[in-house]
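Read the structure below first, then the notes.
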Amino acid sequence: MALGILIGFSWEKSFDVAVASIASTVHALPEAATKLLLGLSLVTLVIPAWRLHILPTVLEFQEEDEEEEEEPAGDKTKAASKPAA
């Protein structure tokens, strides 16, 4: 989990530096408007990719974890309900 947070912060820093660099070199719009447009562009690219690729994988892993957690509990109840020989 800590590695995921570290990767997230590094991506955030990368996007921040890229947007600031582009906004300072583009003079067609004010710097604030350029940052806003670049930020919205990044959101429109990143969120659909996250929704289509990352989210289903995470949900699949969570479902597998829940199934694994339920199996040992199910085995114990089955063993307890069997009559002793």
Side-chain angles (χ1 to χ4, degrees):
M1 174 110 169
L3 182 60
I5 292 172
L6 181 64
I7 291 171
F9 281 134
S10 66
W11 274 103
E12 189 276 331
K13 184 66 175 174
S14 297
F15 283 126
D16 185 49
V17 169
V19 166
S21 176
I22 292 170
S24 67
T25 58
V26 173
H27 300 293
L29 295 171
E31 189 172 333
T34 304
K35 284 185 178 184
L36 176 65
L37 289 175
L38 287 171
L40 292 174
S41 299
L42 285 172
V43 166
T44 59
L45 288 172
V46 172
I47 288 182
W50 171 82
R51 173 71 176 98
L52 292 173
H53 300 288
I54 297 172
L55 183 61
T57 304
V58 170
L59 293 176
E60 183 179 317
F61 286 141
Q62 285 178 346
E63 186 176 304
E64 288 175 5
D65 286 343
E66 289 173 1
E67 288 174 1
E68 288 176 6
E69 289 175 0
E70 290 175 1
E71 283 179 11
D75 291 341
K76 289 177 185 175
T77 58
K78 287 179 185 176
S81 64
K82 289 184 181 178

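Positions are given from 1 along the sequence. As a basis for the values below, the full set of heavy atoms in this structure was taken, side chains included, without hydrogen atoms, waters or symmetry mates. Worth saying up front: this structure is predicted, and the values here are computed from it rather than measured.
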When rounded to the nearest 0.5 angstrom, what distance separates OG1 in Thr25 from CD in Glu31?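 These two atoms lie 9.5 Å from each other.
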
In Å and rounded to the nearest 0.5 Å, what is the OG1 to CG distance from Thr57 to Leu52?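 Going from OG1 on Thr57 over to CG on Leu52, the span is 11.0 Å.
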
Do [X] and [Y] share a hydrophobic cluster (ILVMFWY, side-chain heavy atoms under 4.5 Å, transitive)?
| X | Y | answer |
| --- | --- | --- |
| Val26 | Leu29 | no |
| Val46 | Trp11 | yes |
| Val43 | Ile54 | no |
| Leu42 | Ile22 | yes |

Least distance between heavy atoms, Lys35 atom then Ala20 atom: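 Smallest interatomic distance, heavy atoms only, reads CE-CA, 4.2 Å.
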
Is it the case that the side chain of Ser21 and the backbone of Ala18 share a donor-acceptor pair, with hydrogens and angles ignored and the cut-off at 3.5 Å?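 Looks like no, no N/O pair under 3.5 Å.
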
